[in-house]
There are 2 protein chains.
Amino acid sequence: MVVKKEMGSKVLEVNSELLKEIDFKKGKGLVPVVVQDLNTKEVLMVAYANREALEKTLKSGYAHYYSRSRKELWMKGKTSGNTQKVKKVLIDCDGDTLIYLVEQKGVACHTGNYTCFYRTLAKER
Amino acid sequence: MVVKKEMGSKVLEVNSELLKEIDFKKGKGLVPVVVQDLNTKEVLMVAYANREALEKTLKSGYAHYYSRSRKELWMKGKTSGNTQKVKKVLIDCDGDTLIYLVEQKGVACHTGNYTCFYRTLAKER
């Protein structure tokens, strides 16, 4: 049975059973989040979320992360305006990685590029 | 043997300057790798690579990773046959995350699903 819980959100419908399955321990309290453009499927960035960042994301419908370098929670675009509206969250088979499918406002990368993955390290000859 | 011959050849053209930029230190010798289907752009899995796994990937053209649980290098599909032919490798702005754009043989997930991200944790109402 799929149990649905609101989590105080009118924006996202959350599967609370799957929420319990998230393995935050493996990454010492953090899970990597792959951020993908909802429409083009382009991968925009990879960031990290702790439980609090995920909860804020699910409640607000806007992407929140945990900065490993600054050791703090942050909302994407809070200062730049380049917010990410989260339309769907996927979880992988072993529950240690998430995907946020988002509508990106402006650009995702601090370099001004739409995606952080704008450089090609290798390609087929 | 066809595969062996192909793996011995230089199938990928590598940007050696970008190769030097990869930040393996941040993740204690590992970088996360987002594995994306070349054609559909679907994210298939997230795994980890150390320098050796990346080198084997670039040399062979087939995805290799480092297993954090088994603490060993592995070639995706070596036993299952579900190999990933790497067509392109992207690197992010701060050099600590990679994308492998692949042609997936069979399925990516050990559950039998094509992608490891087959479950929806949350979706827009």
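Values in this document were obtained by computation on a predicted structure and should not be read as measured data. Chain letters run A, B, ... following the sequence lines, proteins first, then strands; residues in each count from 1. Computation of the quantities below employed the complete heavy-atom set of this structure, encompassing side-chain atoms and omitting hydrogens, waters and symmetry-equivalent molecules.
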Rounded to the nearest 0.5 Å, the CG atom of B/L54 sits from the CG atom of A/L121 at a distance of 6.5 Å

A quick test of your reading: do over 12 heavy atoms of other residues, nucleotides or ligands sit less than 6.0 Å from NZ of B/K87?
yes

For the CG atom of A/L12 and the NZ atom of B/K123, what is their distance to the nearest 0.5 Å?
11.0 Å

Grouping I, L, V, M, F, W and Y whenever their side-chain heavy atoms are under 4.5 Å apart, do A/M45 and A/V89 come out in a common cluster?
yes

For chain B, find its close neighbours in residues 96-117 of chain A: heavy-atom separation under 4.5 Å, sorted by number, or none.
A/D96, A/T97, A/L98, A/I99, A/C109, A/H110, A/T111, A/C116, A/F117

Locate the shortest heavy-atom distance separating B/N15 from A/T120; write the atom from each residue and the value.
CB-O, 4.0 Å

What's the separation between atom CZ in B/R125 and atom CD in A/E13, rounded to the nearest 0.5 Å?
5.5 Å

Within one Ile-Leu-Val-Met-Phe-Trp-Tyr cluster: B/W74 and B/V35, side-chain cutoff 4.5 Å:
yes

Considering only heavy atoms, which portion of B/E21 lies under 4.5 Å from any heavy atom of chain A: side chain, backbone, both, or neither?
side chain

Sort out for me which of B/V14, B/L18, B/I91 touches chain A most, counting heavy-atom pairs under 4.5 Å.
B/I91

Chain A contact residues among residues 23-33 of chain B, heavy-atom distance under 4.5 Å
B/K26, B/K28, B/P32

Check each atom of B/T40 against the heavy atoms of chain A and say whether the ones under 4.5 Å are side chain, backbone, both or neither.
backbone

Identify whether B/V11 and B/L38 are in the same connected component of the hydrophobic contact network (ILVMFWY, side-chain heavy atoms under 4.5 Å).
no

Indicate the atoms forming the closest heavy-atom contact of B/K41 with A/Q36, along with that distance.
O-NE2, 3.0 Å

Distance-only, no hydrogens or angles: does the A/R119 side chain make a donor-acceptor pair with backbone N or O of B/L90 under 3.5 Å?
no

Is any side-chain heavy atom of A/V46 less than 4.5 Å from a side-chain heavy atom of B/V34?
yes

ILVMFWY cluster, B/I22 and A/V43 together (side-chain gap under 4.5 Å):
no

